[in-house]
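Below is one structure; the comments refer to it alone.
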Number of protein chains: 2
Amino acid sequence: MNTCSYIADQDVSTETLFELSEFFKFFGDTTRIRIIQILLSGENSVNEIAEKLSLEQSVVSHQLRILRTANLVKPRRDGRKMFYSLDDDHIGMIFNTGLTHILHKKKGK
Amino acid sequence: MNTCSYIADQDVSTETLFELSEFFKFFGDTTRIRIIQILLSGENSVNEIAEKLSLEQSVVSHQLRILRTANLVKPRRDGRKMFYSLDDDHIGMIFNTGLTHILHKKKGK
DNA sequence: GCGATGTATGAACAAGTATTCATGTTTTCA
DNA sequence: TGAAAACATGAATACTTGTTCATACATCGC
């Protein structure tokens with residue numbers, strides 16, 4: 001028995017599993033995952049994110065709104081700029097767990 | 001600096017981030033996450049899964065196909081039955097990491 | 001107040017996707 | 001061999017969702 005499955009072995013309600021899938025959806029989009037990766041290194045303004053990703057400001061704003069509504073990021077206003085940062089310590093962990101899997105798979109090839 | 005971000009701090013290619021988001025998409029569906037949860041406790045046949053989830057066999061088969069193509073589950077034939085199991089140890093870990101987040105959030109309320 | 005900068009939002013469109021229903025395939029057993 | 005069981009698959013439909021474009025909102029310096 002490995003230590004990774006102790007939670008899953010317990011009863012989990014269908015509603016919780018639904019929320020879990022909804023939660024993973026936030027990571028299931030290229031734009032959002034790239035935004036999250038940028039925020040892993042710290043606070044960024046909307047325009048900074050847009051420039052780093054070569055995306056329109058509108059696209060970034062829309063996705064930030066989704067992440068904000070889900071409490072994955074939190075905004076901070078400084079003058080005209082809005083700085084966003086990750087709102088939850090778990091986010092980096094989940095990101096890394098997934099990334100480890102991907103890199104591990106690539107290595108295996 | 002916490003130990004969770006050491007990977008993210010490194011350079012990650014846009015393509016890898018794309019693959020990462022594609023990977024998370026598999027977890028971003030209620031039906032698939034429920035199937036995964038069942039398989040966490042071990043091998044199950046298609047009909048067993050369908051019955052446990054009160055879903056049509058066709059629905060389960062379609063989703064298993066997606067998970068199989070992504071190498072998240074692997075099939076084993078025994079007579080007329082097909083038994084599916086998780087193909088990768090990381091899956092349980094990712095599932096639990098997300099679940100931990102959800103349960104933690106619920107607790108906080 | 002006014003223009004400029006930075007950001008948010010609404011509507012429309014396009015693309016992707018999960019489910020349904022019907023049918024096809026494989027295997028077993030009589 | 002033929003029927004039934006177990007599963008897979010294809011097409012159609014309905015739904016969701018990301019992007020685009022235009023526009024609105026908020027803040028700063030003048």
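Residue numbering restarts at 1 for every chain, and letters A, B, ... go by the order of the sequence lines.
Proximity of B:Tyr84 to the phosphate of D:dA6: no side-chain N or O atom is located under 4.0 Å from OP1 or OP2. Phosphate contact (OP1/OP2 of D:dT19, side-chain N/O of A:Gln63, threshold under 4.0 Å): present. The side chain of B:Arg80 places no N or O atom within less than 4.0 Å of a non-bridging phosphate oxygen (OP1 or OP2) of C:dC29. At C:dT28, none of the side-chain N or O atoms of B:Lys81 fall inside 4.0 Å of OP1 or OP2 (strictly under the cut-off). Residue B:Arg77 places no side-chain N or O under 4.0 Å from the OP1 or OP2 atom of D:dC7.
Protein atom CG of A:Asp29 is 16 Å distant from nucleotide atom P of C:dA15, rounded to whole Å. Rounded to a whole Å, the CZ atom of A:Arg32 is 9 Å from the C1' atom of D:dT17. Rounded to whole Å, atom C1' of C:dA8 lies 14 Å from atom CD1 of A:Ile35. Following rounding to the nearest Å, A:Phe26 (CZ) and D:dT17 (C1') show an atom-to-atom distance of 12 Å. Counting to the nearest Å, the P atom of D:dA24 and the CD atom of A:Gln57 are 15 Å from each other. Straight-line distance from the CZ atom of A:Phe27 to the C1' atom of D:dT17: 18 Å, rounded to whole Å. Atoms CD (A:Glu22) and C1' (C:dT17) sit 14 Å apart, rounded to a whole Å.
Across all non-hydrogen atoms, the minimal contact from A:Phe24 to B:Phe95 is CZ-CA, 4.5 Å. For B:Val73 against B:Tyr84, the heavy-atom pair with the smallest separation is CG2-CD2, 3.8 Å.
In summary, the side chains of A:Lys105 and B:Asn71 do not present any donor paired with an acceptor at a separation below 3.5 Å, with no hydrogens or angles considered.
Side-chain N or O atoms of A:Arg65 include none that pairs as donor or acceptor with a backbone N or O of A:Leu67 at under 3.5 Å. Proximity of a side-chain donor or acceptor of B:Arg34 to a complementary backbone N or O of B:Ile36 within less than 3.5 Å is not detected. For B:Arg32 (side chain) and B:Lys25 (main-chain N/O), a donor-acceptor pair under 3.5 Å exists by modelled atom type.
Each of A:Lys25 and A:Val59 lies near DNA chain D, and the nucleotide nearest A:Lys25 is the one positioned closer to the 5' end.
Between A:His101 and B:His90, the two ring planes are perpendicular [angle over 60°; tilted spans 30° to 60°].
Under a cut-off of 6.0 angstrom, the local environment of CZ in A:Phe18 is sparse, with at most 12 non-hydrogen atoms contributed by other residues, nucleotides or ligands.
The shortest distance between side-chain heavy atoms of A:Leu72 and A:Asp87 does not fall below 4.5 Å.
Proximity of residues 64-73 of chain B to DNA chain D (heavy atom under 4.0 angstrom from any strand atom) is restricted to B:Arg65, B:Arg68. Near DNA chain D, defined here as any heavy-atom distance below 4.0 Å, the residues from residues 42-56 of chain B are B:Ser45, B:Val46, B:Asn47, listed numerically.
Across all strands shown, A:Ser58 has heavy atoms under 4.0 Å from base atoms, whether or not it also approaches the sugar-phosphate.
Both geometric conditions, a ring-centre gap below 5.5 Å and a plane tilt below 30°, are not fulfilled together for A:His62 over the base of D:dT19.
Partner of A:Asn44 under the side-chain hydrogen bond (donor to acceptor under 3.5 Å, both in side chains) criterion, chosen from A:Lys52, A:Lys81, A:Glu51: A:Lys52.
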